[in-house]
Amino acid sequence: MYSKFGELHTAVALFNLMPRKNIMTSNILIGGFIQSGDLVTAWKLFEEMPERNLATWNAMVTGLTQFEFNKEALGLLSQMHEIGFRLDEFTLGSILRGCAGLKALIPGKQIHCYIMKSGFDGNLVVGSSLAHMYMKCGFVEEGERVIKGMPVHNVVACNTLIAGRAQNGCSEEAVDQYNLMKIAGFRPDKITFVSVISSCSELATLGQGQQIHAEAIKSGAASAVSVVSSLISMYSRCGCLEDSIRAFLECEDADVVLWSSMTAAYGFHGQGQEAIKLFESMENEGLEPNDVTFLSLLYACSHSGLKERGAKFFELMVDKYKVSPSLEHYTCMVDLLGRSGCLEEAEALIQSMPIKPDAIIWKTLLSACKIHKNAKMARKVAEEVLRLDPQDSAPYVLLSNIHASAKRWGDVSDVRKAMREMKVKKEPGISWLEVKNQVHQFCMGDQSHPKWMEIDGFLKELILEIKERGYVPDTSSVLHDMDAEEKEYSLAHHSEKVAIAFALLNTPVGSPIRIMKNLRVCNDCHVAIKFISEVTLREIIVRDASRFHHFKAGKCSCGDYW
DNA sequence: GTAGGGTTAG
(Lines give C-alpha, C1' and ligand atoms only; values in the text may rest on other atoms or scores of the structure.)
Protein backbone atom coordinates (compact mmCIF):
# COMPACT_ATOMS: atom_id res chain seq x y z
CA MET A 1 0.00 0.00 0.00
CA TYR A 2 2.73 2.46 0.93
CA SER A 3 4.59 1.92 -2.31
CA LYS A 4 1.41 2.68 -4.26
CA PHE A 5 0.99 6.00 -2.51
CA GLY A 6 4.51 7.05 -3.31
CA GLU A 7 5.77 6.80 0.26
CA LEU A 8 8.48 4.45 -0.78
CA HIS A 9 10.88 5.09 2.02
CA THR A 10 8.24 4.36 4.63
CA ALA A 11 7.57 1.17 2.77
CA VAL A 12 11.27 0.29 2.77
CA ALA A 13 11.55 0.99 6.53
CA LEU A 14 8.63 -1.34 7.17
CA PHE A 15 10.13 -3.88 4.81
CA ASN A 16 13.42 -3.83 6.71
CA LEU A 17 11.56 -4.55 9.94
CA MET A 18 9.96 -7.64 8.47
CA PRO A 19 11.48 -10.81 9.94
CA ARG A 20 10.94 -12.78 6.74
CA LYS A 21 11.25 -10.97 3.45
CA ASN A 22 9.38 -12.66 0.66
CA ILE A 23 9.88 -12.26 -3.08
CA MET A 24 6.49 -10.74 -3.73
CA THR A 25 7.00 -7.87 -1.31
CA SER A 26 10.44 -7.15 -2.78
CA ASN A 27 9.02 -7.20 -6.29
CA ILE A 28 6.37 -4.67 -5.35
CA LEU A 29 9.03 -2.40 -3.87
CA ILE A 30 11.26 -2.69 -6.92
CA GLY A 31 8.30 -1.78 -9.13
CA GLY A 32 7.55 1.21 -6.90
CA PHE A 33 11.07 2.56 -7.09
CA ILE A 34 11.16 2.13 -10.84
CA GLN A 35 7.89 4.00 -11.23
CA SER A 36 9.23 6.84 -9.14
CA GLY A 37 12.32 6.98 -11.35
CA ASP A 38 14.70 5.81 -8.63
CA LEU A 39 16.48 3.08 -10.54
CA VAL A 40 19.47 3.09 -8.22
CA THR A 41 17.45 1.99 -5.20
CA ALA A 42 15.47 -0.48 -7.31
CA TRP A 43 18.75 -1.95 -8.49
CA LYS A 44 20.11 -2.14 -4.95
CA LEU A 45 17.06 -4.05 -3.75
CA PHE A 46 17.33 -6.33 -6.75
CA GLU A 47 20.97 -7.11 -6.01
CA GLU A 48 20.29 -7.79 -2.34
CA MET A 49 17.53 -10.30 -2.99
CA PRO A 50 18.61 -13.80 -2.03
CA GLU A 51 16.05 -15.29 -4.36
CA ARG A 52 14.38 -13.86 -7.47
CA ASN A 53 11.51 -15.06 -9.60
CA LEU A 54 10.54 -14.24 -13.17
CA ALA A 55 8.53 -11.21 -12.03
CA THR A 56 11.61 -9.82 -10.27
CA TRP A 57 13.71 -10.05 -13.40
CA ASN A 58 10.92 -8.67 -15.55
CA ALA A 59 10.44 -5.68 -13.28
CA MET A 60 14.13 -4.87 -13.58
CA VAL A 61 14.38 -5.41 -17.34
CA THR A 62 11.26 -3.28 -17.87
CA GLY A 63 12.56 -0.58 -15.57
CA LEU A 64 15.87 -0.40 -17.39
CA THR A 65 14.27 -0.13 -20.83
CA GLN A 66 11.78 2.48 -19.60
CA PHE A 67 14.70 4.72 -18.79
CA GLU A 68 16.66 3.88 -21.93
CA PHE A 69 19.25 1.75 -20.16
CA ASN A 70 18.82 -0.63 -23.03
CA LYS A 71 22.28 -2.15 -23.05
CA GLU A 72 22.02 -2.92 -19.35
CA ALA A 73 18.64 -4.54 -19.98
CA LEU A 74 20.19 -6.77 -22.64
CA GLY A 75 22.90 -7.66 -20.14
CA LEU A 76 20.27 -8.75 -17.61
CA LEU A 77 18.53 -10.77 -20.28
CA SER A 78 21.63 -12.80 -20.99
CA GLN A 79 22.01 -13.45 -17.27
CA MET A 80 18.42 -14.69 -17.17
CA HIS A 81 19.17 -16.92 -20.08
CA GLU A 82 22.25 -18.37 -18.39
CA ILE A 83 20.33 -19.15 -15.23
CA GLY A 84 17.73 -20.87 -17.35
CA PHE A 85 14.66 -18.69 -16.94
CA ARG A 86 11.99 -19.03 -19.58
CA LEU A 87 11.07 -15.63 -20.91
CA ASP A 88 7.41 -14.66 -20.90
CA GLU A 89 5.46 -12.01 -22.81
CA PHE A 90 6.49 -9.32 -20.31
CA THR A 91 10.20 -10.02 -20.70
CA LEU A 92 9.92 -10.26 -24.47
CA GLY A 93 7.91 -7.06 -24.89
CA SER A 94 10.32 -5.05 -22.77
CA ILE A 95 13.50 -6.39 -24.24
CA LEU A 96 12.26 -5.80 -27.77
CA ARG A 97 11.55 -2.23 -26.84
CA GLY A 98 15.16 -2.02 -25.68
CA CYS A 99 16.39 -3.46 -28.98
CA ALA A 100 14.26 -0.94 -30.86
CA GLY A 101 15.80 1.87 -28.81
CA LEU A 102 19.28 0.64 -29.66
CA LYS A 103 18.32 -0.16 -33.26
CA ALA A 104 19.92 -3.50 -32.43
CA LEU A 105 18.77 -5.77 -35.21
CA ILE A 106 20.88 -8.81 -34.38
CA PRO A 107 19.74 -9.28 -30.77
CA GLY A 108 16.25 -8.45 -32.04
CA LYS A 109 16.41 -11.25 -34.56
CA GLN A 110 17.67 -13.69 -31.93
CA ILE A 111 14.68 -12.81 -29.80
CA HIS A 112 12.48 -13.29 -32.85
CA CYS A 113 13.82 -16.87 -33.06
CA TYR A 114 13.06 -17.44 -29.39
CA ILE A 115 9.52 -16.11 -29.94
CA MET A 116 8.93 -18.50 -32.83
CA LYS A 117 10.19 -21.46 -30.80
CA SER A 118 8.26 -20.57 -27.68
CA GLY A 119 5.01 -19.89 -29.53
CA PHE A 120 4.63 -16.24 -28.57
CA ASP A 121 4.36 -15.11 -32.18
CA GLY A 122 0.59 -14.79 -32.04
CA ASN A 123 0.70 -12.67 -28.89
CA LEU A 124 -0.44 -9.11 -29.56
CA VAL A 125 2.00 -7.43 -27.20
CA VAL A 126 4.98 -9.50 -28.29
CA GLY A 127 4.08 -9.23 -31.98
CA SER A 128 3.65 -5.45 -31.84
CA SER A 129 6.95 -5.01 -30.02
CA LEU A 130 8.69 -7.27 -32.51
CA ALA A 131 7.27 -5.40 -35.48
CA HIS A 132 8.19 -2.11 -33.84
CA MET A 133 11.76 -3.33 -33.40
CA TYR A 134 12.05 -4.18 -37.10
CA MET A 135 10.52 -0.88 -38.15
CA LYS A 136 12.88 1.10 -35.91
CA CYS A 137 15.79 -0.71 -37.52
CA GLY A 138 14.41 0.35 -40.91
CA PHE A 139 13.00 -3.03 -41.93
CA VAL A 140 9.45 -2.00 -42.76
CA GLU A 141 8.53 -5.10 -44.73
CA GLU A 142 9.69 -7.45 -42.02
CA GLY A 143 7.66 -5.49 -39.47
CA GLU A 144 4.59 -5.60 -41.70
CA ARG A 145 4.95 -9.34 -42.07
CA VAL A 146 4.98 -9.79 -38.29
CA ILE A 147 1.85 -7.67 -37.77
CA LYS A 148 -0.02 -9.25 -40.65
CA GLY A 149 0.93 -12.71 -39.41
CA MET A 150 -0.91 -12.22 -36.13
CA PRO A 151 -4.37 -13.82 -35.93
CA VAL A 152 -6.01 -10.81 -34.26
CA HIS A 153 -5.25 -7.11 -34.19
CA ASN A 154 -5.92 -4.19 -31.94
CA VAL A 155 -5.33 -0.43 -32.02
CA VAL A 156 -1.74 -0.75 -30.86
CA ALA A 157 -0.93 -3.21 -33.65
CA CYS A 158 -2.49 -0.83 -36.19
CA ASN A 159 -0.56 2.08 -34.73
CA THR A 160 2.69 0.15 -34.90
CA LEU A 161 2.11 -0.36 -38.59
CA ILE A 162 1.12 3.25 -39.26
CA ALA A 163 3.96 4.73 -37.21
CA GLY A 164 6.48 2.33 -38.74
CA ARG A 165 5.49 3.41 -42.22
CA ALA A 166 5.38 7.08 -41.29
CA GLN A 167 8.83 6.99 -39.71
CA ASN A 168 10.39 5.23 -42.67
CA GLY A 169 9.28 7.72 -45.30
CA CYS A 170 6.23 5.74 -46.43
CA SER A 171 3.78 8.51 -45.65
CA GLU A 172 1.20 7.69 -48.29
CA GLU A 173 1.13 4.09 -47.13
CA ALA A 174 0.71 5.31 -43.55
CA VAL A 175 -2.40 7.26 -44.54
CA ASP A 176 -3.71 4.23 -46.47
CA GLN A 177 -3.29 2.10 -43.38
CA TYR A 178 -5.12 4.68 -41.30
CA ASN A 179 -8.09 4.44 -43.68
CA LEU A 180 -7.96 0.65 -43.59
CA MET A 181 -7.95 0.56 -39.82
CA LYS A 182 -11.12 2.65 -39.71
CA ILE A 183 -12.78 0.31 -42.19
CA ALA A 184 -11.73 -2.62 -40.01
CA GLY A 185 -13.62 -1.00 -37.16
CA PHE A 186 -10.76 0.17 -34.94
CA ARG A 187 -11.13 3.52 -33.30
CA PRO A 188 -8.04 5.71 -33.85
CA ASP A 189 -6.53 7.15 -30.67
CA LYS A 190 -4.13 10.03 -30.08
CA ILE A 191 -1.12 7.95 -31.09
CA THR A 192 -2.78 7.08 -34.39
CA PHE A 193 -3.48 10.76 -35.01
CA VAL A 194 0.06 11.83 -34.18
CA SER A 195 1.49 9.43 -36.77
CA VAL A 196 -1.00 10.05 -39.49
CA ILE A 197 -0.94 13.85 -39.09
CA SER A 198 2.86 13.77 -39.28
CA SER A 199 2.49 11.87 -42.54
CA CYS A 200 0.29 14.65 -43.87
CA SER A 201 2.99 17.20 -43.05
CA GLU A 202 5.47 15.13 -44.96
CA LEU A 203 3.12 14.87 -47.93
CA ALA A 204 1.96 18.47 -47.54
CA THR A 205 -1.58 17.41 -48.37
CA LEU A 206 -3.58 20.13 -46.66
CA GLY A 207 -7.05 18.82 -47.50
CA GLN A 208 -6.25 15.40 -46.11
CA GLY A 209 -4.65 16.96 -43.03
CA GLN A 210 -7.70 19.12 -42.38
CA GLN A 211 -10.00 16.14 -42.71
CA ILE A 212 -7.96 14.10 -40.26
CA HIS A 213 -7.85 17.06 -37.90
CA ALA A 214 -11.66 17.10 -37.99
CA GLU A 215 -11.72 13.39 -37.21
CA ALA A 216 -9.32 13.94 -34.31
CA ILE A 217 -11.65 16.62 -32.92
CA LYS A 218 -14.64 14.27 -33.17
CA SER A 219 -12.76 11.52 -31.38
CA GLY A 220 -11.70 13.86 -28.60
CA ALA A 221 -8.00 13.32 -29.22
CA ALA A 222 -7.30 16.68 -30.86
CA SER A 223 -6.53 18.48 -27.63
CA ALA A 224 -3.74 16.12 -26.55
CA VAL A 225 -0.49 18.09 -26.60
CA SER A 226 1.26 15.49 -28.78
CA VAL A 227 -1.51 15.75 -31.38
CA VAL A 228 -1.36 19.55 -31.29
CA SER A 229 2.40 19.47 -31.88
CA SER A 230 1.90 17.37 -34.98
CA LEU A 231 -0.94 19.68 -36.11
CA ILE A 232 1.29 22.76 -35.74
CA SER A 233 3.89 21.11 -37.91
CA MET A 234 1.31 19.87 -40.43
CA TYR A 235 -0.32 23.27 -40.92
CA SER A 236 3.03 24.97 -41.13
CA ARG A 237 4.32 22.53 -43.72
CA CYS A 238 1.11 22.85 -45.70
CA GLY A 239 1.58 26.62 -45.86
CA CYS A 240 -1.04 27.68 -43.29
CA LEU A 241 0.99 29.36 -40.59
CA GLU A 242 -2.13 31.03 -39.19
CA ASP A 243 -3.63 27.64 -38.38
CA SER A 244 -0.40 26.59 -36.66
CA ILE A 245 -0.58 29.68 -34.49
CA ARG A 246 -4.23 29.02 -33.67
CA ALA A 247 -3.50 25.43 -32.64
CA PHE A 248 -0.59 26.60 -30.52
CA LEU A 249 -2.60 29.28 -28.72
CA GLU A 250 -5.50 26.96 -28.05
CA CYS A 251 -3.34 24.31 -26.43
CA GLU A 252 -3.68 24.31 -22.69
CA ASP A 253 -0.87 22.10 -21.49
CA ALA A 254 2.07 23.31 -23.52
CA ASP A 255 5.38 21.50 -23.19
CA VAL A 256 8.83 21.93 -24.71
CA VAL A 257 7.96 19.92 -27.82
CA LEU A 258 4.92 22.08 -28.49
CA TRP A 259 6.98 25.26 -28.19
CA SER A 260 9.71 23.79 -30.37
CA SER A 261 7.27 22.88 -33.11
CA MET A 262 5.87 26.42 -33.13
CA THR A 263 9.41 27.84 -33.28
CA ALA A 264 10.13 25.59 -36.25
CA ALA A 265 6.87 26.67 -37.92
CA TYR A 266 7.85 30.35 -37.73
CA GLY A 267 11.31 29.55 -39.04
CA PHE A 268 9.91 27.58 -41.94
CA HIS A 269 7.96 30.65 -43.01
CA GLY A 270 10.90 33.01 -42.69
CA GLN A 271 9.57 34.69 -39.54
CA GLY A 272 12.76 34.71 -37.51
CA GLN A 273 11.74 37.61 -35.30
CA GLU A 274 8.57 35.81 -34.25
CA ALA A 275 10.56 32.66 -33.52
CA ILE A 276 12.86 34.68 -31.27
CA LYS A 277 9.93 36.29 -29.44
CA LEU A 278 8.45 32.87 -28.91
CA PHE A 279 11.71 31.54 -27.53
CA GLU A 280 11.92 34.45 -25.11
CA SER A 281 8.39 33.84 -23.86
CA MET A 282 9.23 30.20 -23.44
CA GLU A 283 12.18 31.13 -21.24
CA ASN A 284 9.94 33.47 -19.28
CA GLU A 285 7.48 30.66 -18.70
CA GLY A 286 10.33 28.74 -17.11
CA LEU A 287 10.41 25.93 -19.66
CA GLU A 288 13.80 24.42 -20.41
CA PRO A 289 14.62 24.50 -24.14
CA ASN A 290 16.23 21.34 -25.54
CA ASP A 291 18.48 20.47 -28.49
CA VAL A 292 15.55 20.50 -30.92
CA THR A 293 14.29 23.86 -29.67
CA PHE A 294 17.68 25.33 -30.44
CA LEU A 295 17.90 23.62 -33.79
CA SER A 296 14.58 25.21 -34.76
CA LEU A 297 15.60 28.58 -33.39
CA LEU A 298 18.96 28.60 -35.19
CA TYR A 299 17.21 27.52 -38.37
CA ALA A 300 14.77 30.41 -38.00
CA CYS A 301 17.60 32.90 -37.49
CA SER A 302 19.48 31.49 -40.45
CA HIS A 303 16.52 31.77 -42.81
CA SER A 304 15.81 35.33 -41.77
CA GLY A 305 19.39 36.56 -42.04
CA LEU A 306 19.69 37.14 -38.28
CA LYS A 307 23.34 36.26 -38.01
CA GLU A 308 24.23 38.04 -34.77
CA ARG A 309 21.13 36.76 -32.95
CA GLY A 310 21.78 33.23 -34.11
CA ALA A 311 25.39 33.30 -32.96
CA LYS A 312 24.27 34.55 -29.54
CA PHE A 313 21.70 31.76 -29.23
CA PHE A 314 24.36 29.20 -30.07
CA GLU A 315 26.44 30.53 -27.16
CA LEU A 316 23.41 30.58 -24.88
CA MET A 317 22.65 26.98 -25.76
CA VAL A 318 26.13 25.83 -24.78
CA ASP A 319 26.80 28.08 -21.80
CA LYS A 320 23.45 28.37 -20.07
CA TYR A 321 21.53 25.30 -21.15
CA LYS A 322 24.49 22.92 -21.40
CA VAL A 323 23.25 21.43 -24.66
CA SER A 324 26.27 20.11 -26.47
CA PRO A 325 26.07 21.06 -30.15
CA SER A 326 25.44 18.22 -32.58
CA LEU A 327 26.47 18.07 -36.22
CA GLU A 328 23.00 19.40 -37.03
CA HIS A 329 23.55 22.46 -34.86
CA TYR A 330 26.89 23.10 -36.54
CA THR A 331 25.26 22.70 -39.95
CA CYS A 332 22.72 25.33 -38.97
CA MET A 333 25.50 27.66 -37.89
CA VAL A 334 27.42 27.11 -41.13
CA ASP A 335 24.21 27.92 -42.99
CA LEU A 336 23.67 31.03 -40.87
CA LEU A 337 27.21 32.30 -41.43
CA GLY A 338 27.38 31.24 -45.05
CA ARG A 339 24.06 32.76 -46.10
CA SER A 340 25.01 36.06 -44.55
CA GLY A 341 28.22 36.09 -46.58
CA CYS A 342 30.74 35.13 -43.90
CA LEU A 343 32.13 32.25 -45.92
CA GLU A 344 35.54 32.16 -44.28
CA GLU A 345 34.01 32.17 -40.83
CA ALA A 346 31.72 29.30 -41.85
CA GLU A 347 34.64 27.29 -43.18
CA ALA A 348 36.65 27.96 -40.04
CA LEU A 349 33.76 26.65 -37.95
CA ILE A 350 33.74 23.37 -39.87
CA GLN A 351 37.49 23.05 -39.43
CA SER A 352 37.42 23.80 -35.73
CA MET A 353 34.36 21.86 -34.55
CA PRO A 354 34.98 18.74 -32.48
CA ILE A 355 32.79 16.55 -34.73
CA LYS A 356 33.84 15.00 -38.03
CA PRO A 357 32.17 16.92 -40.88
CA ASP A 358 29.86 15.03 -43.24
CA ALA A 359 28.92 15.68 -46.87
CA ILE A 360 25.85 17.65 -45.78
CA ILE A 361 27.70 20.33 -43.84
CA TRP A 362 30.11 20.87 -46.73
CA LYS A 363 27.16 21.03 -49.11
CA THR A 364 25.63 23.72 -46.94
CA LEU A 365 28.79 25.76 -47.34
CA LEU A 366 28.77 25.05 -51.06
CA SER A 367 25.26 26.52 -51.39
CA ALA A 368 26.51 29.62 -49.62
CA CYS A 369 29.41 29.83 -52.07
CA LYS A 370 26.84 29.75 -54.86
CA ILE A 371 24.70 32.49 -53.32
CA HIS A 372 27.74 34.72 -52.84
CA LYS A 373 29.36 33.68 -56.12
CA ASN A 374 32.65 32.59 -54.60
CA ALA A 375 33.93 30.22 -57.29
CA LYS A 376 37.32 29.72 -55.68
CA MET A 377 35.99 28.41 -52.41
CA ALA A 378 33.22 26.52 -54.21
CA ARG A 379 35.76 24.40 -56.08
CA LYS A 380 37.56 23.48 -52.89
CA VAL A 381 34.36 22.75 -51.00
CA ALA A 382 32.88 20.72 -53.88
CA GLU A 383 35.94 18.48 -53.67
CA GLU A 384 35.24 17.85 -50.00
CA VAL A 385 31.63 16.95 -50.75
CA LEU A 386 32.64 14.59 -53.54
CA ARG A 387 35.27 12.95 -51.40
CA LEU A 388 32.62 12.10 -48.80
CA ASP A 389 29.78 11.32 -51.21
CA PRO A 390 30.97 10.71 -54.78
CA GLN A 391 27.51 9.93 -56.15
CA ASP A 392 25.88 13.16 -55.01
CA SER A 393 24.74 15.29 -57.94
CA ALA A 394 24.47 18.48 -55.88
CA PRO A 395 28.14 19.53 -55.95
CA TYR A 396 28.27 19.04 -59.72
CA VAL A 397 25.08 20.99 -60.27
CA LEU A 398 26.16 23.82 -57.97
CA LEU A 399 29.63 24.02 -59.53
CA SER A 400 28.12 24.07 -62.98
CA ASN A 401 25.71 26.85 -61.93
CA ILE A 402 28.56 28.92 -60.54
CA HIS A 403 30.60 28.54 -63.73
CA ALA A 404 27.57 29.23 -65.92
CA SER A 405 26.68 32.42 -64.11
CA ALA A 406 30.25 33.62 -64.73
CA LYS A 407 29.89 32.48 -68.37
CA ARG A 408 32.83 30.04 -68.04
CA TRP A 409 31.38 27.56 -70.53
CA GLY A 410 34.56 25.49 -70.74
CA ASP A 411 34.37 24.82 -67.00
CA VAL A 412 30.68 24.01 -67.32
CA SER A 413 31.38 21.31 -69.88
CA ASP A 414 34.22 19.91 -67.75
CA VAL A 415 31.76 19.46 -64.89
CA ARG A 416 29.27 17.81 -67.24
CA LYS A 417 31.96 15.44 -68.47
CA ALA A 418 32.94 14.51 -64.93
CA MET A 419 29.28 13.81 -64.16
CA ARG A 420 28.98 11.51 -67.15
CA GLU A 421 32.15 9.69 -66.20
CA MET A 422 30.94 9.18 -62.65
CA LYS A 423 27.47 8.21 -63.92
CA VAL A 424 25.92 10.83 -61.65
CA LYS A 425 22.43 11.98 -62.56
CA LYS A 426 20.68 15.09 -61.35
CA GLU A 427 17.61 14.34 -59.28
CA PRO A 428 14.58 15.34 -61.36
CA GLY A 429 12.49 18.21 -60.06
CA ILE A 430 8.99 17.21 -59.00
CA SER A 431 6.18 19.56 -58.00
CA TRP A 432 2.74 18.64 -56.81
CA LEU A 433 -0.47 20.24 -55.60
CA GLU A 434 -3.87 19.27 -54.34
CA VAL A 435 -6.96 20.20 -56.34
CA LYS A 436 -10.30 19.02 -54.98
CA ASN A 437 -8.60 16.50 -52.69
CA GLN A 438 -6.68 14.98 -55.55
CA VAL A 439 -2.92 15.23 -55.84
CA HIS A 440 -1.51 16.24 -59.24
CA GLN A 441 2.16 15.69 -59.80
CA PHE A 442 4.46 17.20 -62.41
CA CYS A 443 7.94 15.95 -63.07
CA MET A 444 10.50 17.88 -65.12
CA GLY A 445 10.38 16.61 -68.70
CA ASP A 446 7.31 14.43 -68.16
CA GLN A 447 4.42 15.26 -70.48
CA SER A 448 2.12 12.45 -69.42
CA HIS A 449 -0.51 14.56 -67.67
CA PRO A 450 -3.82 14.15 -69.56
CA LYS A 451 -4.16 17.90 -69.91
CA TRP A 452 -0.55 18.45 -70.96
CA MET A 453 -1.30 20.26 -74.26
CA GLU A 454 -3.62 22.71 -72.58
CA ILE A 455 -1.16 23.35 -69.73
CA ASP A 456 1.77 23.79 -72.09
CA GLY A 457 -0.13 26.24 -74.29
CA PHE A 458 -1.20 28.28 -71.31
CA LEU A 459 2.33 28.30 -69.90
CA LYS A 460 3.66 29.72 -73.18
CA GLU A 461 1.14 32.57 -73.04
CA LEU A 462 1.95 33.20 -69.41
CA ILE A 463 5.69 33.43 -70.07
CA LEU A 464 5.09 35.82 -72.97
CA GLU A 465 2.97 37.98 -70.74
CA ILE A 466 5.49 38.20 -67.92
CA LYS A 467 8.26 38.89 -70.45
CA GLU A 468 6.29 41.96 -71.47
CA ARG A 469 6.34 43.03 -67.84
CA GLY A 470 10.11 42.73 -67.72
CA TYR A 471 10.87 39.08 -66.94
CA VAL A 472 14.19 37.95 -68.42
CA PRO A 473 14.87 34.20 -68.26
CA ASP A 474 17.95 33.40 -66.20
CA THR A 475 19.44 30.41 -67.95
CA SER A 476 22.40 30.03 -65.60
CA SER A 477 20.71 27.23 -63.73
CA VAL A 478 20.31 25.06 -66.83
CA LEU A 479 22.86 22.33 -66.59
CA HIS A 480 22.97 20.97 -70.10
CA ASP A 481 24.94 22.15 -73.08
CA MET A 482 22.20 23.55 -75.28
CA ASP A 483 21.59 26.60 -77.37
CA ALA A 484 19.83 29.57 -75.85
CA GLU A 485 16.39 28.65 -77.16
CA GLU A 486 16.54 25.09 -75.84
CA LYS A 487 17.69 26.39 -72.49
CA GLU A 488 14.72 28.69 -72.31
CA TYR A 489 12.38 25.86 -73.19
CA SER A 490 13.91 23.67 -70.50
CA LEU A 491 13.67 26.47 -67.96
CA ALA A 492 10.05 27.22 -68.83
CA HIS A 493 9.19 23.61 -68.01
CA HIS A 494 10.60 23.47 -64.54
CA SER A 495 8.03 21.47 -62.64
CA GLU A 496 6.89 24.35 -60.43
CA LYS A 497 6.05 26.52 -63.45
CA VAL A 498 4.03 23.68 -64.99
CA ALA A 499 2.25 23.08 -61.68
CA ILE A 500 1.38 26.77 -61.38
CA ALA A 501 0.02 26.84 -64.92
CA PHE A 502 -2.11 23.83 -64.10
CA ALA A 503 -3.33 25.45 -60.88
CA LEU A 504 -4.25 28.68 -62.65
CA LEU A 505 -6.38 26.69 -65.08
CA ASN A 506 -8.04 24.50 -62.46
CA THR A 507 -8.66 26.57 -59.36
CA PRO A 508 -11.12 29.42 -58.73
CA VAL A 509 -10.01 32.90 -59.78
CA GLY A 510 -8.35 34.72 -56.92
CA SER A 511 -7.83 31.66 -54.70
CA PRO A 512 -4.34 31.03 -53.36
CA ILE A 513 -2.20 28.41 -55.07
CA ARG A 514 -0.14 25.99 -52.99
CA ILE A 515 2.68 24.14 -54.69
CA MET A 516 5.14 21.69 -53.16
CA LYS A 517 8.52 20.88 -54.64
CA ASN A 518 11.13 18.24 -53.86
CA LEU A 519 14.16 20.42 -54.75
CA ARG A 520 14.88 24.03 -53.99
CA VAL A 521 13.33 26.65 -56.23
CA CYS A 522 15.84 27.91 -58.79
CA ASN A 523 16.55 31.56 -59.19
CA ASP A 524 14.74 31.79 -62.51
CA CYS A 525 11.55 30.25 -61.15
CA HIS A 526 11.73 32.54 -58.17
CA VAL A 527 11.83 35.61 -60.42
CA ALA A 528 9.17 34.22 -62.76
CA ILE A 529 6.74 33.34 -59.96
CA LYS A 530 7.01 36.86 -58.58
CA PHE A 531 5.90 38.17 -61.97
CA ILE A 532 3.17 35.52 -62.24
CA SER A 533 1.75 36.47 -58.84
CA GLU A 534 1.55 40.05 -60.10
CA VAL A 535 -0.09 39.48 -63.47
CA THR A 536 -2.58 36.87 -62.28
CA LEU A 537 -3.45 38.62 -59.00
CA ARG A 538 -2.92 35.32 -57.19
CA GLU A 539 -1.12 34.50 -54.01
CA ILE A 540 1.25 31.66 -54.80
CA ILE A 541 2.69 29.64 -51.93
CA VAL A 542 5.59 27.39 -52.81
CA ARG A 543 7.15 24.94 -50.40
CA ASP A 544 10.53 23.84 -51.63
CA ALA A 545 13.00 21.40 -50.11
CA SER A 546 14.05 23.95 -47.58
CA ARG A 547 11.28 26.44 -46.75
CA PHE A 548 8.20 28.40 -47.81
CA HIS A 549 7.94 31.22 -50.28
CA HIS A 550 4.77 33.33 -50.25
CA PHE A 551 4.53 35.19 -53.54
CA LYS A 552 2.10 38.08 -53.63
CA ALA A 553 1.82 41.13 -55.90
CA GLY A 554 5.26 40.63 -57.38
CA LYS A 555 7.10 40.07 -54.11
CA CYS A 556 8.24 37.06 -52.13
CA SER A 557 8.12 36.71 -48.36
CA CYS A 558 11.71 35.51 -48.29
CA GLY A 559 12.83 38.94 -49.46
CA ASP A 560 14.95 37.11 -52.05
CA TYR A 561 17.01 35.70 -49.19
CA TRP A 562 16.88 31.93 -49.27
C1' DG B 1 3.92 -5.75 -14.24
C1' DT B 2 4.29 -5.83 -20.56
C1' DA B 3 3.30 -2.96 -26.73
C1' DG B 4 2.50 1.94 -30.39
C1' DG B 5 3.31 8.58 -30.65
C1' DG B 6 4.62 14.65 -31.22
C1' DT B 7 9.13 19.05 -32.45
C1' DT B 8 14.49 18.63 -35.66
C1' DA B 9 19.88 21.02 -39.70
C1' DG B 10 20.82 20.51 -45.60
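The sequence lines fix the lettering, A, B, ..., with proteins before strands; numbering per chain opens at 1.
For dT7(B), the OP1/OP2 oxygens have a side-chain nitrogen or oxygen of S198(A) closer than 4.0 Å. At the phosphate of dG5(B), OP1 or OP2 sits under 4.0 Å from a side-chain N or O atom of H132(A). For the pair H303(A) and dA9(B), the criterion of a side-chain N or O lying under 4.0 Å from OP1 or OP2 is not met. An OP1 or OP2 oxygen of dG1(B) is reached within less than 4.0 angstrom by no side-chain nitrogen or oxygen of R97(A). For dG6(B), one of the phosphate oxygens OP1 or OP2 lies less than 4.0 angstrom from a side-chain nitrogen or oxygen of Q167(A).
Pairing each heavy atom of G270(A) with each of R547(A), the nearest pair is CA-NH2, 3.4 Å.
As judged by a 4.0 angstrom heavy-atom cut-off over every strand, V155(A) is placed among the base-contacting residues. Counting non-hydrogen atoms under 4.0 angstrom, N58(A) reaches a base of the nucleic acid. Across all strands, A59(A) comes closer than 4.0 Å to no nucleic acid atom at all (heavy-atom distances).
The base of dG6(B) sits within donor-acceptor range of the side chain of D255(A), with an N or O pair under 3.5 Å. Residue side chain E89(A) reaches the base of dT2(B) through a donor-acceptor N/O pair under 3.5 Å, judged by distance alone. Under 3.5 Å, the side chain of S260(A) and the base of dT7(B) form at least one donor-acceptor pair of N or O atoms. Below the 3.5 angstrom threshold, one finds no donor paired with an acceptor across the side chain of S230(A) and the base of dG6(B).
The main-chain N or O of M116(A) is never found under 3.5 Å from a side-chain atom of D121(A) such that the two would form a donor-acceptor pair.
Per the geometry, CG belonging to L295(A) stands 5 Å off C1' belonging to dA9(B), to the nearest Å. Separating the CG atom of L298(A) from the C1' atom of dG10(B) is a distance of 14 Å, rounded to the nearest angstrom. For the pair Y134(A) OH and dA3(B) C1', the interatomic distance rounds to 16 Å; values are reported in whole Å.
Here F90(A) lies parallel enough and close enough to stack on the base of dG1(B), with planes under 30° and ring centres under 5.5 Å apart.
For the residue pair T62(A) / S94(A), a side-chain donor-acceptor distance below 3.5 Å is found, with atom types taken as modelled. Looking at E328(A) and Y299(A), their side chains never bring a donor and an acceptor atom within 3.5 Å of each other.
When each of dT7(B), dG5(B), dG10(B) is scored by its nearest atom to the side-chain atoms of K136(A), the top-ranked nucleotide is dG5(B).
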(request) Begin from the C-alpha positions of K277(A) and E274(A) and carry the test salt bridge (charged side-chain N to carboxylate O under 4.0 Å, His left out) through to its verdict. (result) CA-CA 5 Å; K277(A) 272 194 220 156; E274(A) 291 301 319; 3.2 Å; yes
